[in-house]
Protein chains: 2
Amino acid sequence: MRGMKTAPYHHGALREALLDAAETILKRDGLNALTLRAAAREAGVSHAAPSHHFGDLTGLLTDLAADGFRRFAGRIKDALEDPSARRWDGARAYLAFAIDNPALFQLMFRADRLDGSRPSFKEARMHLLEILAESRGIPADKPSVEQLGKMVGGWSLIHGYTLLLLDGRLKALLNVAPEGTTTDDLFEAMLASADSQEIGPKPTMGVEVHGTN
Amino acid sequence: MRGMKTAPYHHGALREALLDAAETILKRDGLNALTLRAAAREAGVSHAAPSHHFGDLTGLLTDLAADGFRRFAGRIKDALEDPSARRWDGARAYLAFAIDNPALFQLMFRADRLDGSRPSFKEARMHLLEILAESRGIPADKPSVEQLGKMVGGWSLIHGYTLLLLDGRLKALLNVAPEGTTTDDLFEAMLASADSQEIGPKPTMGVEVHGTN
DNA sequence: CAGTCAATCTTTACGTTGTCTAGATAGTTT
DNA sequence: AAACTATCTAGACAACGTAAAGATTGACTG
């Protein structure tokens with residue numbers, strides 16, 4: 001068996017290979033199936049190899065999430081800088097990324113599986129925040145509480161919709177909606193309602209519908 | 001050792017005891033520490049006992065989440081029916097429940113750990129949806145897309161803020177906020193901005209701040 | 001160029017988990 | 001009283017995270 005092509009003892013770029021393998025598993029089998037051993041199998045190395053590059057499972061997930069934040073911020077930035085950008089196009093890019101990478105997006109906001117103190121992760125997260133602030137013309141250094149309220153409002157609206165959609169919580173609403181309504185229709189209707197606010201007689205949950213039609 | 005009080009072979013109310021134990025662990029050690037075996041230890045029974053009452057871990061978590069939804073809906077309903085309820089008090093109750101029961105709230109929206117087909121769970125979830133719809137005067141049977149858009153908008157706003165807060169994503173914002181700003185201040189500022197919408201020149205992320213002050 | 005060192009990867013091992021199976025125990029019904 | 005059923009225990013197994021120790025390879029040093 002001399003001529004047999006055997007894998008070299010040193011992989012050479014195992015770190016990147018493991019990250020690729022991890023994302024493959026994330027897309028194919030979901031976050032619950034993404035284990036250190038599964039990533040090692042996918043990359044064709046021994047089960048203990050990943051720990052040398054990421055420390056522990058949290059480390060691997062955190063690096064994956066940090067890369068996710070970088071790509072996420074890039075997509076939003078592109079949408080915002082497009083000269084033909086319409087109102088809410090940043091928000092649409094936010095949602096589109098989550099729909100294209102559902103498991104990755106959910107991982108990015110799963111504090112219990114991530115190490116928030118990791119520098120690369122902190123940096124990637126901060127960069128996104130700056131983009132969100134900049135898109136509203138809010139100063140990054142000394143914003144007022146009102147400005148922050150508006151920023152958090154926009155962020156919460158999009159983020160909340162995104163997570164409700166990914167968690168399947170909107171299906172029940174689509175069942176009672178007019179025939180043929182899609183989640184995109186729902187999203188656009190939500191954005192439209194956010195633009196034109198109407199106040200009713202006793203809107204204790206915030207938004208009130210005008211009487212009968 | 002005749003007089004020694006030994007535990008009876010049959011617990012009598014093990015199901016409820018396990019649910020109590022599970023919630024104790026959830027509050028004390030978080031969702032990741034809530035395992036079937038840990039619940040069994042906490043209740044003082046053998047490690048395989050829980051499976052007879054809940055089938056598997058997903059079953060236990062689903063029953064716990066269903067009970068959470070029931071209490072959650074109750075708290076919101078109480079807030080809405082209070083004759084002295086102010087605008088947004090339903091939303092405040094939503095957030096308050098999540099702050100009081102952070103791990104339970106997160107479990108309730110973790111589709112990957114729950115069995116959405118379980119009848120008791122479906123029912124509890126639907127009940128909440130009805131309360132949310134009713135609070136806006138939206139008909140439960142034939143709502144328009146515009147009405148659903150407003151409902152989803154209010155829900156997403158509150159839900160998004162709640163999850164961002166629980167995930168610790170708002171800490172970075174508080175660091176740059178005026179000295180002494182609390183998350184409650186941020187929440188109220190967000191609600192205020194949702195009431196008085198102002199449209200700017202090119203608000204591609206949705207909300208725009210008026211020029212200089 | 002020979003020798004040492006450090007980085008990289010494998011092997012082995014241990015404790016914990018979910019879950020399956022078989023068996024023990026205790027109420028309930030007939 | 002006897003059969004039946006629900007409830008709980010005991011033991012086992014594979015998969016996981018993680019730690020320790022050894023093997024292999026490349027790089028650096030004299």
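Keep in mind the model is a prediction, meaning the values are calculated, not measured. By convention in this document, chain letters (A, B, ...) are assigned in the order of the sequence lines, proteins followed by strands, and residues within each chain are numbered from 1. Any value given below was found using the heavy atoms of this structure, including those in side chains, with hydrogens, waters and symmetry copies removed.
Distance A:Leu14 CG to C:dC9 P: 5 Å, rounded to the nearest Å. Remark: C1' of C:dT25 and NE2 of B:His52 are 12 Å apart, rounded to the nearest angstrom.
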Given the rule in the side chain to side chain donor-acceptor pair (under 3.5 Å) test, do B:Ser117 and B:Asp115 qualify, once you have shown the distances and angles that lead to the verdict? CA-CA 5 Å; B:Ser117 70; B:Asp115 177 7; 2.7 Å; yes

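Counting heavy atoms from C-beta outward, A:Leu80 and A:Glu134 have side chains that stay 4.5 Å or more apart. Here the side chains of B:Tyr94 and B:Arg75 are not in contact, with every heavy-atom distance at 4.5 Å or above. Residues B:Leu95 and B:Leu165 meet the side-chain proximity criterion, which asks for heavy atoms closer than 4.5 Å. Side-chain contact between B:Val176 and A:Lys142 is absent, with no heavy-atom pair separated by less than 4.5 Å.
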Could you list, one pair per line, each protein nitrogen or oxygen that sits under 3.5 Å from a nitrogen or oxygen of nucleotides 3-5 of chain D, together with the distance?
none

Under 3.5 Å between N/O atoms: give me all the protein pairs with nucleotides 4-7 of chain C, atom names plus distance.
none

Protein-nucleic acid N or O pairs under 3.5 Å, nucleotides 15-17 of chain D:
residue : atom : partner : partner atom : Å
D:dC16  : OP1  : A:Arg41 : NH2          : 3.4
D:dC16  : OP2  : A:Arg41 : NH1          : 3.3
D:dG17  : OP1  : A:Leu36 : N            : 3.1
D:dG17  : OP2  : A:Leu36 : N            : 3.2
D:dG17  : OP2  : A:Arg37 : N            : 3.3
D:dG17  : N7   : A:Arg37 : NH1          : 2.5
D:dG17  : O6   : A:Arg37 : NH1          : 3.1

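Ring planes of A:Tyr161 and A:Phe187: tilted class, angle from 30 to 60°. Using bins of under 30°, 30° to 60° and over 60° for the plane-to-plane angle, the ring pair A:Phe72/A:Phe105 lands in the perpendicular bin. The aromatic rings of A:Phe121 and A:Phe69 lie perpendicular to each other, with more than 60° between the two planes, well past the 30° mark.
For B:Gly55 and A:Arg15, each mapped to the nucleotide of DNA chain C holding its nearest heavy atom, the one lying further toward the 5' end belongs to A:Arg15. Where A:Thr58 and B:His53 each meet DNA chain D at their nearest nucleotide, the meeting point lying more 5' is that of B:His53.
Within the model, atoms CG of B:Leu164 and OG of A:Ser156 stand 5.0 Å from one another, a figure rounded to the nearest 0.5 Å.
Between A:Phe109 and A:His159, a ring centre-to-centre spacing shorter than 6.0 Å is recorded.
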